[in-house]
Amino acid sequence: LPAAVPQAAFDRAAPRPAEDATGTTHTLVQRFVVPFSYPVVFTWDALTPSNRALVDALTSREPDRRHRVLVVADAGFVQAWPEVEAAVGQYVTAHADQIELVASPLLIPGGETCKNDPSVASGLLQAFARHRLDRHSFVVTIGGGGVLDAVGFAAGIAHRGIRIVRMPTTVLGQNDSGVGVKNAVNAFGSKNFLGTFVPPFAVVNDFRFLERLPRREKIAGIAEAVKVSLIRDGAFFSWLEEHADALAAAEPAATATMIRRCAELHLQHIATSGDPFEHGSARPLDFGHWSAHKLEALTAHELRHGEAVAIGLLLDSRYAVLRGLLPVTAFDRIFALLSRLGLPRYTDALRLRAPDGRRAVLAGLDEFREHLGGELTVTQLCGIGQALDVNEMDPLLIEESIRWLETKHAEEAGR
Ligand SMILES: NC(=O)c1ccc[n+]([C@@H]2O[C@H](COP(=O)([O-])OP(=O)(O)OC[C@H]3O[C@@H](n4cnc5c(N)ncnc54)[C@H](O)[C@@H]3O)[C@@H](O)[C@H]2O)c1
Ligand SMILES: [Zn+2]
């Protein structure tokens with residue numbers, strides 16, 4: 001915590017009629033710090049009554065009270081896990097002395113649909129009002145990154161913040177999106193245009209939920225682990241190389257280790273970067289994302305977020321080679337790892353042109369800057385596990401990087 005504001009500052013701020021003469025200006029400086037802390041639990045079978053992770057998370061702050069809970073679940077997830085609705089009821093009944101459900105679980109559409117359709121967030125807000133949730137109530141949200149984002153946003157603005165407990169059900173949700181502080185929905189054609197920085201009350205990751213995730217979703221989520229290893233932890237990158245086959249086969253132990261380390265690196269960044277709510281211009285965790293977000297939009301979200309990230313980080317890594325920042329041997333390792341994991345290295349959306357003839361993906365750079373404001377700041381690699389910020393991107397070198405990916409793709413397709 002910073003040093004307390006000296007008493008003298010308050011003394012100076014006390015009314016001093018002589019100084020309040022018409023025409024004088026006084027400034028009071030308001031200053032305080034709010035510490036945040038939340039548990040991120042990794043477990044199996046979280047809804048088995050004997051597993052206390054969830055009930056302990058819900059009751060950690062006021063163990064002697066009975067807490068009101070509304071569960072909001074991803075309809076796509078519930079389709080794959082129909083038994084979960086009954087399991088929620090049994091879990092709450094088993095812990096009825098400490099928690100109660102205000103209603104049966106509410107289902108909302110999964111994926112980008114719930115972030116694109118404004119009636120989802122407004123329907124959630126109506127439900128919060130109907131069930132008289134207050135700031136001490138809990139919204140427990142179970143689902144993929146899309147649902148976590150939309151429910152987190154609605155919970156963050158109702159009563160200026162209802163407590164949220166996230167139970168991410170995708171690889172990407174568990175290793176990245178579900179453990180951080182950002183929540184958002186899309187609006188006015190812009191991804192994440194409406195959003196909040198609201199940390200969760202707790203996160204409970206249940207590895208069991210990943211078993212029925214489509215293979216494509218499992219693989220897509222690994223891209224965020226490759227990303228964070230590249231900017232933060234070269235040893236983790238080597239570990240990913242050593243376990244690439246197990247990860248590509250979605251082997252549970254390797255997947256769990258990958259998720260834990262990736263989540264840990266994200267949490268460390270948020271806690272230690274000095275800018276958890278992104279007031280500055282740098283966003284190292286968004287390495288590869290300026291093009292990724294655009295490629296997702298250009299494919300109408302057919303390309304999964306993680307898949308777009310894989311292509312985006314490859315594009316920026318090639319750029320770093322051309323700029324003389326990254327040794328080509330490092331690039332070759334990145335390309336080889338993504339290939340072995342079964343992540344895409346190319347999409348036809350890279351070919352699309354805007355009406356002015358420019359590559360459509362380049363607009364992603366402008367949108368990246370606009371979303372944040374301030375100076376364009378793009379994270380680039382200077383080694384495996386080593387990143388630096390640059391404030392300009394040379395369009396000719398981006399073009400050359402895209403051409404390289406195109407040529408490589410054509411070569412691989414021709415084989
Ligand atoms: N807030 C953040 O910091 C942050 C970070 C990264 C990504 N995101 C957002 O996360 C979203 C992507 O999330 P995602 O990759 O988790 O996928 P997703 O939420 O789009 O879900 C993918 C699909 O899987 C289904 N599903 C979810 N869990 C399942 C399970 N266990 N078994 C079977 N099916 C299941 C969903 O219904 C959906 O159809 C994007 O909107 C992205 O912008 C947010
Ligand atoms: Zn991402």
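In each ligand, atom 1 is the first atom listed, and ligand 1 is the first ligand listed.
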When rounded to the nearest 0.5 Å, the distance separating CD1 of I384 from CZ of F237 is 4.0 Å

Heteroatoms of the protein, restricted to N/O/S, which lie under 2.8 Å from the Zn ion (ligand 2): E224 OE2, H289 NE2, H305 NE2

Does the pair N192 and K115 meet the rule for a side chain to side chain contact (heavy atoms under 4.5 Å, CB included), with working shown? CA-CA 8 Å; N192 300 332; K115 293 179 65 173; 2.8 Å; yes

Below 3.5 Å, N or O to N or O, backbone or side chain included: is there any such pair between F209 and ligand 1? yes

My understanding is that we take every heavy atom of each candidate and find the minimum distance to atom 17 (O) of ligand 1. Doing that for Q174, R304, E224, H305, which one comes out nearest? R304

May I have the step-by-step check of side chain to side chain contact (heavy atoms under 4.5 Å, CB included) for Q386 and R232, ending in yes or no? CA-CA 6 Å; Q386 287 170 295; R232 282 279 182 267; over 6 Å; no

Would you mind checking if E367 and K191 are paired as a salt bridge, meaning a charged N to carboxylate O distance below 4.0 Å? no

Looking only at side-chain N and O atoms, does H305 offer a donor or acceptor that is under 3.5 Å from a partner on E224? yes

For ligand 1, the portion of T169 having any non-hydrogen atom under 4.0 Å away: both

Looking at ligand 1, does any of its N/O atoms fall within less than 3.5 Å of an N/O of G146? yes

Parallel, tilted or perpendicular: ring planes of F335 versus F331, cut at 30 and 60 degrees: tilted

Do any nitrogen or oxygen atoms of K182 come within less than 3.5 Å of a nitrogen or oxygen of ligand 1? yes

Output yes when E406 and R403 qualify as a salt bridge under the 4.0 Å nitrogen-oxygen rule, no when they do not. no

Do we get R260 above F207's six-membered ring, with its NZ or CZ under 6.0 Å from the centre and within 45° of the axis? no

Residue that, paired with T43, satisfies side chain to side chain donor-acceptor pair (under 3.5 Å) out of T48, N51, D206: N51

Could you see which bit of A80 sits under 4.0 Å from ligand 1, with heavy atoms only: side chain, backbone, both or neither? side chain

Have a look at ligand 1 and work out which part of Q79, if any, has a heavy atom under 4.0 Å from it: side chain, backbone, both or neither. neither

Numbering as shown, the atoms of ligand 1 that approach T170 to under 4.0 Å (heavy-atom distance): 14 (P), 16 (O), 27 (C), 28 (N)

Near G110 (heavy-atom distance under 4.0 Å), the atoms of ligand 1 are 37 (O)

Per-atom filter on ligand 1: closer than 4.0 angstrom to a heavy atom of D74 are 27 (C), 36 (C), 37 (O)

Using 0.5 Å steps for rounding, measure from the CZ atom of F77 to the CG atom of L213. 10.0 Å

Show me which atoms of ligand 1 lie under 4.0 Å from any heavy atom of K191. 40 (C), 41 (O), 42 (C), 43 (O)

Give the residue and atom name of whichever protein heavy atom lies nearest to atom 1 (N) of ligand 1, and the separation in Å to one decimal. D149 OD1, 2.8 Å

Do ligand 1 and N183 have nitrogen or oxygen atoms that lie under 3.5 Å from each other? no

Mind checking whether L213 contacts ligand 1 via backbone (N, CA, C, O), side chain (CB onward), both or neither, at a 4.0 Å heavy-atom cut-off? both

Just to verify, what does D233 make a salt bridge (charged side-chain N to carboxylate O under 4.0 Å, His left out) with, not counting sequence neighbours? R261

F188 and F193 aromatic ring geometry - parallel, tilted or perpendicular at 30°/60° bounds: perpendicular

Taking atom CD as the centre, does E100 end up with more than 12 heavy-atom neighbours from other residues, nucleotides or ligands that are less than 6.0 angstrom away? yes

Contacting atoms of ligand 1, where contact means under 4.0 angstrom from a heavy atom of E217: 22 (C), 23 (C)

Is a salt bridge present between E242 and R340, judged by a nitrogen-to-oxygen distance below 4.0 Å? no

Heavy atom of the protein closest to atom 38 (C) of ligand 1 (residue, atom name, distance): G111 N, 3.8 Å

Counting only heavy atoms not in E83, do more than 12 sit closer than 6.0 Å to its CD atom? yes

Step through the shown structure and confirm whether more than 12 heavy atoms of other residues, nucleotides or ligands are within 6.0 Å of CZ on F197. yes

Identify, by atom number and element, the atoms of ligand 1 in contact range of E112, meaning under 4.0 Å from any of its heavy atoms. 40 (C), 41 (O)

Numbering as shown, the atoms of ligand 1 that approach G145 to under 4.0 Å (heavy-atom distance): 10 (O), 11 (C), 13 (O), 14 (P), 16 (O), 19 (O)

Under 3.5 Å between some N or O of ligand 1 and some N or O of D176? no

min-distance protein heavy atom vs atom 8 (N) of ligand 1 -> S177 CB, 3.6 Å

